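Working notes, beginning with the structure itself.
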Amino acid sequence: MSQDIKAHLAELLQAALKSVAPDHADTPIALERPKQESHGDFAANVAMQLARALKKNPREIAQQLVNELPASPRVEKVDIAGAGFINFTLKADAKTAVVATVLGQGSAYGRSSVGGKQKVQVEFVSANPTGPLHVGHGRGAAYGASLSSLLAFAGWDVTREYYVNDAGRQMDILAVSTWLRYLDLFDVKVPFPPNGYQGDYVRDMAKQVKDAHGNKYLRGAAEVVAGAPDVEADKEGHLDALIANAKNLLGQDWSYIHQHALSEQLADGKDDLEEFGVHFDVWFSEKSLFDTGLVAKCVERLEKGGHLYVQDGAKWFRSTAFGDEKDRVVQRENGLFTYFASDIAYHLNKFDRGFDKVINIWGADHHGYIPRVKGALKALDQDEAKLQVALVQFAVLYRNGEKAAMSTRSGEFVTLRQLRGEVGNDACRFFYVLRKSDQHLDFDLDLAKSQTNENPVYYIQYAHARVCSVLKQWSEAGGDEAELAAADLSLLAHPRELAVAARLAAFPEVIDSAAADLAPHQVAFYLKDLAADFHSYYNAERMLVEDAALARSRVALAAAVRQVIHNGMTLLGVSCPASM
RNA sequence: GCGCCCGUAGCUCAACUGGAUAGAGCAACGGCCUUCUAAGCCGUAGGUUGUGAGUUCGAGCCUCGCCGGGCGCGCCA
């Protein structure tokens with residue numbers, strides 16, 4: 001007999017099905033927890049699903065199934081309701097048994113093996129290291145971290161990865177911006193380009209360079225801007241000319257400035273994320289793909305496969321053959337590979353590392369990018385279905401009912417660090433995953449930082465703190481937590497106690513569902529429901545009653561609630577204080 | 001213009017992947033602190049799920065057409 005109650009009921013139905021409709025004995029049995037209490041603890045719709053195939057009234061099929069249902073010591077009664085639902089009501093002790101399970105399994109309760117130890121890579125954030133992370137990155141970070149924890153908890157072997165764009169033009173722009181600020185410290189007046197990085201952190205890096213190496217990189221204003229087109233007429237060309245001049249004038253030293261800016265910004269982002277509870281196993285360098293020749297090799301492979309053609313001096317990938325809207329350039333007229341080319345190489349590298357599943361977490365503005373990447377993988381004979389892209393919509397910050405802007409280049413943005421400082425890590429992590437990821441997020445600053453009952457994160461933490469308080473007092477009165485596992489659970493019969501127990505029992509199902517849907521918000525909503533059930537019970541019934549056996553049973557239930565809140569909040573990266 | 005995503009209570013969002021009478025929180029209104037934390041609880045009110053059709057035992061979810069919003073359509077990343 002199956003330990004899991006849901007599996008147990010499915011087995012009962014399967015047995016009945018075998019005699020009622022032998023030809024359809026392999027019909028998958030779906031069991032759900034009805035929203036309405038009067039519909040019992042579990043409902044099956046198998047009779048309705050078979051109605052067409054058997055050409056019979058669903059209620060009639062349901063009746064036959066119920067007649068053939070093997071007896072079970074855990075089932076109180078079975079009803080047929082509605083259009084043909086089979087509703088199971090469990091015996092009280094079958095419901096409360098979960099308390100012992102939770103206390104026995106502790107932090108492992110809810111852990112699942114559906115992932116089958118398969119290797120999955122989750123790549124997220126991957127912001128250009130050209131400045132501080134902002135609130136948009138924060139959502140990707142919170143979502144990716146929670147999703148990774150969730151998948152690990154569901155039995156996947158998870159690798160968390162950050163793709164470092166250390167090879168492109170954006171890094172060059174950051175480096176030249178730093179250099180120009182450095183020159184400014186020596187009163188070398190070069191007009192700062194409007195499309196350079198304006199933030200104060202660039203001046204900070206310039207000062208660091210000066211402090212460490214004095215005037216080693218000092219050059220004259222005239223040679224810095226030599227030959228550059230007018231900013232007004234061609235601002236991108238102007239900037240590119242400044243970069244080219246810098247590379248010429250500095251020679252080997254250019255790579256020092258470049259490297260310094262990169263490592264500073266990367267380290268800053270890393271610290272920021274670690275403080276946010278977001279950890280990565282791998283920091284993968286885009287530049288390494290060029291250094292190892294993988295980018296060139298990929299393009300070569302595509303060429304050999306007949307997927308490339310030359311037009312206007314550039315090499316194009318025929319992505320339209322794989323469902324893309326238009327073909328895409330992989331190698332420019334000037335010989336440089338595009339970002340797309342290195343991304344193909346990156347994804348091929350991912351697949352070569354043997355992941356069973358690869359999940360990219362991208363901003364929603366990249367959705368048009370998916371077909372070409374999948375197309376390229378297909379062209380390289382890879383199973384592109386292993387790649388799953390989770391799009392995260394923008395987070396819009398509201399302060400006093402007004403939007404806050406987020407442009408990295410202008411330097412006028414709210415950073416993740418500012419946000420964390422203002423509302424705290426817990427509220428941040430929780431608010432970010434309180435929405436479906438593909439839903440726009442209105443992040444209400446005033447609400448997130450309010451210490452009132454309007455703030456949902458405290459609601460759950462408060463339930464946890466209440467349990468801690470009860471347990472503390474129970475212990476001080478002579479209770480021993482070690483005895484809780486042996487509590488007499490048959491004493492738990494109050495409807496609110498059974499409701500809490502049912503909620504606890506649903507936790508593993510929530511984990512499986514949330515992991516399958518890549519939807520950590522389901523965990524957040526579950527925790528709100530669990531906290532609500534507990535608060536409701538807490539208000540209705542006293543736990544530390546005089547009857548010692550009863551008190552022990554109730555405390556055991558409360559302790560199980562605390563454990564599940566803790567397990568769930570840990571997945572979301574939110575702390576659970578013992579007192580508030 | 002073409003493609004993708006979205007539209008659910010006054011506001012912010014759920015809805016077990018097609019199931020029963022569409023649910024929470026906030027805001028509004030009315031109650032509950034001499035007893036384990038009132039950051040809490042109990043109750044009332046709030047809806048033609050943008051709209052019109054279609055598919056079937058059954059649609060917020062699937063199909064198509066409109067209306068409204070977001071994003072994308074670079075030899076940028």
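Atom set for the values below is all heavy atoms of this structure, side chains included, hydrogens, waters and symmetry mates excluded. Chain naming here is simple, since letters A, B, ... match the order of the sequence lines and numbering starts at 1 in each. If you're wondering where the values come from, they're calculated on a predicted model, not measured in any experiment.
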Hunt down the Watson-Crick or G-U wobble partner of [N], both distances under 3.5 Å, from any strand shown, or write none.
N: B:rC62; answer: B:rG54
N: B:rG40; answer: B:rC32
N: B:rA27; answer: none
N: B:rU48; answer: none
N: B:rC2; answer: B:rG72
N: B:rA22; answer: none

Give a yes/no on whether any side-chain N or O of [X] is located under 4.0 angstrom from OP1 or OP2 of [N].
X: A:Tyr462; N: B:rA39; answer: yes
X: A:Gln473; N: B:rU37; answer: yes
X: A:Lys326; N: B:rG74; answer: yes
X: A:Lys315; N: B:rC75; answer: no
X: A:Gln439; N: B:rA14; answer: yes
X: A:Arg332; N: B:rA77; answer: yes
X: A:Ser469; N: B:rC36; answer: no
X: A:Tyr346; N: B:rA77; answer: no
X: A:His521; N: B:rA15; answer: yes
X: A:Arg466; N: B:rA38; answer: yes

Taking the minimum atom-to-atom distance to the side chain of [X], which one of [options] wins?
X: A:Ala81; options: B:rA15, B:rA20, B:rG40; value: B:rA20
X: A:Arg496; options: B:rU37, B:rC73, B:rC42; value: B:rC42
X: A:Gln170; options: B:rA20, B:rC13, B:rA77; value: B:rA77
X: A:Asp365; options: B:rC71, B:rU12, B:rC36; value: B:rC71
X: A:Asn128; options: B:rG19, B:rA77, B:rA20; value: B:rA77

- Item | Worked verdict on A:Val98 versus A:Ile5 for side chain to side chain contact (heavy atoms under 4.5 Å, CB included) | CA-CA 10 Å; A:Val98 69; A:Ile5 186 69; over 6 Å; no
Notebook entry, point to check: Quick one: does A:Asp327's side chain have a donor or acceptor within less than 3.5 Å of a partner on A:Thr320's backbone?
Noted result: yes
query: Between A:Glu497 and A:Arg554, is there a side-chain N and carboxylate O pair less than 4.0 Å apart?
result: yes
Charged N-O contact under 4.0 Å between A:Arg372 and A:Glu325: no
I need the [atom1]-[atom2] distance between [X] and [N], as an integer number of Å.
X: A:Asp343; N: B:rA77; atom1: CG; atom2: P; value: 11 Å
X: A:Asn195; N: B:rA77; atom1: CG; atom2: C1'; value: 14 Å
X: A:Ile460; N: B:rG25; atom1: CD1; atom2: C1'; value: 11 Å
X: A:Lys436; N: B:rC61; atom1: NZ; atom2: P; value: 13 Å

Is there a donor and acceptor pair closer than 3.5 Å between the side chain of [X] and the base of [N]?
X: A:His367; N: B:rG3; result: yes
X: A:Asn539; N: B:rG40; result: yes
X: A:Asp529; N: B:rA14; result: no

Looking at A:Tyr526 versus A:Phe507, is the centre-to-centre ring distance below 6.0 Å? yes
A:Phe340 and A:Phe317 aromatic ring geometry - parallel, tilted or perpendicular at 30°/60° bounds:
tilted
- By centroid distance (under 5.5 Å) and plane angle (under 30°), are A:His39 and B:rA20 in a stacked arrangement? yes
query = Is A:Phe85 stacked on the base of B:rA20, with ring centres under 5.5 Å apart and planes under 30° apart?
reply = yes
Regarding B:rC33, purine or pyrimidine glycosidic angle vs 90° from 0 gives syn
Interatomic distance, CG@A:Asp343 vs CG@A:Asn360, rounded to 0.5 Å, equals 8.0 Å
**Q.** P gap between B:rC26 and B:rC41, integer Å
**A.** 8 Å
